[in-house]
Amino acid sequence: MNEDLVIQKLMEHDEKLDLIFATMATKDDFNRLLEGQDEIMKILIRLDEERIFTNEHFKRADKRLDTDEEKIDNLDKRVDKIELQFQPI
């Protein structure tokens, strides 16, 4: 009777081990996963660097726009003065 119980337990353990082996990841599986994550991190780092440069580009463009708007305002004022000089009295 004791032998039967041992055999039954061994069979149960074999089934459990088969399930574990069927679902566990190997070192190769884990390495492929890490390689994929490394690639994702490289992409994220590149995107973050591009974001920084894009923001700086927009800041410079905004400054140029502000300068151009100032110049346009000054020109508008000069045109208004000139128009006043040519208005009929």
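For reference, positions follow the sequence shown, starting with 1.
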Let me confirm one number: the [atom1]-[atom2] distance from [X] to [Y], rounded to the nearest 0.5 Å.
{"X": "Asp28", "Y": "Leu33", "atom1": "CG", "atom2": "CG", "answer": "12.5 Å"}
{"X": "His13", "Y": "Gln8", "atom1": "NE2", "atom2": "CD", "answer": "10.5 Å"}
{"X": "Lys63", "Y": "Asp66", "atom1": "NZ", "atom2": "CG", "answer": "9.5 Å"}
{"X": "Ile45", "Y": "Ile40", "atom1": "CD1", "atom2": "CD1", "answer": "12.0 Å"}
{"X": "Asp68", "Y": "Glu70", "atom1": "CG", "atom2": "CD", "answer": "10.0 Å"}
{"X": "Leu19", "Y": "Asp14", "atom1": "CG", "atom2": "CG", "answer": "12.5 Å"}

Hey, does Glu3 have a side-chain heavy atom less than 4.5 Å from the side chain of Val6?
->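 SC-SC contact between Val6 and Glu3 ruled out.
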
List for me each residue that meets salt bridge (charged side-chain N to carboxylate O under 4.0 Å, His left out) alongside [X], sequence neighbours excluded, and say none if there are none.
{"X": "Arg78", "answer": "none"}
{"X": "Asp29", "answer": "Arg32"}
{"X": "Glu83", "answer": "none"}
{"X": "Lys9", "answer": "Glu12"}

Going through the checks in order, is the side-chain contact (heavy atoms from CB on, under 4.5 Å) test met by Gln37 and Leu34?
-> CA-CA 5 Å; Gln37 288 181 340; Leu34 288 179; 3.7 Å; yes

Please write out which residues are connected to Leu47 in a hydrophobic cluster, directly or through intermediates, given that two of Ile, Leu, Val, Met, Phe, Trp, Tyr count as joined at side-chain heavy-atom separations below 4.5 angstrom.
->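 Via sub-4.5 Å side-chain contacts, Leu47 links to Ile43.
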
Residues Lys42, Glu39: salt bridge by 4.0 Å N-O rule =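 Glu39 and Lys42: salt-bridged.
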
Are there more than 12 heavy atoms of other residues, nucleotides or ligands under 6.0 Å from atom CE of Met24?
->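 Above 12, so yes.
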
What pairs meet the side chain to side chain donor-acceptor pair (under 3.5 Å) rule with one or both residues in residues 51-60, with sequence neighbours excluded?
->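 Passing the test, one end in residues 51-60: Asp48-Arg51, Glu56-Lys59.
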
